[in-house]
Amino acid sequence: MAAATVSSPWFLLSSYRALRPRTTPANLILRLSGRRIRAPVGLTAPHTRLFRHITHAVDEEASARAAAARVDSGAPTIFDKIISKEIPSTVVYEDDKVLAFRDINPQAPVHVLIIPKQRDGLTELGKADHRHEEVLGRLLYAAKVVAEKEGISEGFRVVINNGASACQSVYHLHLHVLGGRLMKWPPG
Ligand code: AMP
């Protein structure tokens with residue numbers, strides 16, 4: 001029956017294979033490109049959601065890989081423009097060393113990013129040096145201050161994505177402060 005075929009997981013894999021002929025279940029995500037792929041017509045709602053979920057994850061991974069490839073160019077990032085107020089942000093905390101502002105794509109009711117005002121080579125945590133010890137402490141302390149200001153002191157999570165395989169997409173060190181909902185473990 002056509003409807004049953006169209007709604008089956010096998011149809012999903014076949015659709016991907018039509019786009020990427022040598023795709024197998026094991027390397028499905030790795031083989032997909034980062035561009036948005038429309039869900040095939042005729043999928044049931046759950047399979048459309050699954051399709052979008054997978055392609056969204058692939059988008060994130062592809063943009064993280066692209067950002068990682070540019071990391072050593074020294075080019076300004078979007079966060080430099082936020083620091084210079086060239087582009088707007090919703091600032092929740094600021095001092096002489098750090099800036100905290102709301103994430104544009106929040107993953108929790110409270111999702112604040114905290115960045116050093118001077119990047120000073122801190123494109124990612126893995127590039128930290130002894131000279132960064134003070135600012136690293138300031139960033140962590142600012143996370144506590146932000147959690148208090150946002151009323152989530154009772155339970156919050158601080159995340160640093162480091163490198164392409166952790167889906168870091170902006171190469172200016174930043175802490176994510178997340179809260180306002182149950183933060184499950186393990187994270188994705
Ligand atoms: P990461 O994936 O750890 O590098 O996190 C980068 C974060 O920056 C993501 O959560 C984005 O949603 C966030 N982001 C990107 N551009 C902006 C912006 N203009 N204002 C606020 N947050 C942003």
Side-chain angles (χ1 to χ4, degrees), residues 29 32-36 52-53 55-153 155-181 183-188:
I29 288 178
L32 281 170
S33 73
R35 72 196 144 93
R36 282 211 176 281
R52 288 193 182 135
H53 176 77
T55 54
H56 180 71
V58 172
D59 280 350
E60 276 187 6
E61 289 170 22
S63 74
R65 278 198 304 275
R70 292 191 301 271
V71 67
D72 289 325
S73 73
T77 70
I78 190 104
F79 293 170
D80 289 294
K81 294 182 178 170
I82 286 177
I83 292 165
S84 66
K85 314 282 187 214
E86 239 177 283
I87 65 168
S89 68
T90 308
V91 172
V92 299
Y93 173 77
E94 181 171 11
D95 63 29
D96 58 325
K97 296 275 188 201
V98 309
L99 179 69
F101 53 94
R102 295 200 192 285
D103 195 293
I104 203 167
N105 183 22
Q107 302 301 311
V110 174
H111 187 171
V112 173
L113 300 175
I114 310 179
I115 63 175
K117 285 185 170 174
Q118 299 289 331
R119 186 169 51 174
D120 184 26
L122 268 181
T123 49
E124 58 190 288
L125 184 60
K127 296 278 165 68
D129 201 352
H130 284 304
R131 73 177 190 281
H132 297 122
E133 283 176 359
E134 194 213 331
V135 75
L136 291 173
R138 293 283 291 267
L139 288 163
L140 209 49
Y141 188 75
K144 175 252 184 189
V145 173
V146 166
E148 275 174 3
K149 282 169 100 60
E150 295 291 311
I152 56 167
S153 295
F156 63 95
R157 182 169 292 164
V158 180
V159 172
I160 298 174
N161 295 320
N162 189 99
S165 58
C167 280
Q168 181 175 358
S169 61
V170 181
Y171 279 81
H172 182 132
L173 177 66
H174 50 283
L175 278 60
H176 297 256
V177 179
L178 299 141
R181 66 166 166 82
M183 307 303 295
K184 294 184 189 156
W185 194 261

Between [X] and [Y], which heavy-atom pair has the shortest distance, and what is it?
X: V146; Y: I114; answer: CG2-CD1, 4.0 Å
X: A100; Y: V112; answer: CB-CG1, 3.8 Å
X: V92; Y: K149; answer: O-CE, 3.0 Å
X: D103; Y: N105; answer: OD1-N, 2.7 Å
X: H111; Y: P106; answer: ND1-CA, 3.5 Å
X: R181; Y: Q107; answer: NH2-O, 2.8 Å

[X] side, atom [atom1]; [Y] side, atom [atom2] - distance, nearest 0.5 Å:
X: K97; Y: R138; atom1: NZ; atom2: CZ; result: 6.5 Å
X: I115; Y: I78; atom1: CD1; atom2: CD1; result: 11.0 Å
X: L175; Y: L139; atom1: CG; atom2: CG; result: 5.5 Å
X: Y171; Y: N162; atom1: OH; atom2: CG; result: 7.5 Å

Does the side chain of [X] reach to within under 4.5 Å of the side chain of [Y], using non-hydrogen atoms?
X: F101; Y: I82; answer: yes
X: R131; Y: E133; answer: no
X: V177; Y: I152; answer: yes
X: H172; Y: P116; answer: yes
X: T123; Y: T77; answer: no

Can you tell me if [atom1] on [X] sees more than 12 non-hydrogen neighbours from other groups inside 6.0 Å?
X: K117; atom1: NZ; result: yes
X: K184; atom1: NZ; result: no
X: Q118; atom1: CD; result: no

Looking only at atom types and distance, does a side-chain atom of [X] sit under 3.5 Å from a main-chain N or O of [Y], one as donor and one as acceptor?
X: H132; Y: D120; answer: yes
X: Q168; Y: V170; answer: yes
X: E150; Y: G180; answer: no

Requested in this report: Tell me whether the centres of the aromatic rings in H176 and H174 are closer together than 6.0 Å.
Outcome: yes
Query raised in the report: side-chain contact (heavy atoms from CB on, under 4.5 Å) between F79 and L113: does it pass, once the steps are laid out?
Result: CA-CA 10 Å; F79 293 170; L113 300 175; 3.7 Å; yes
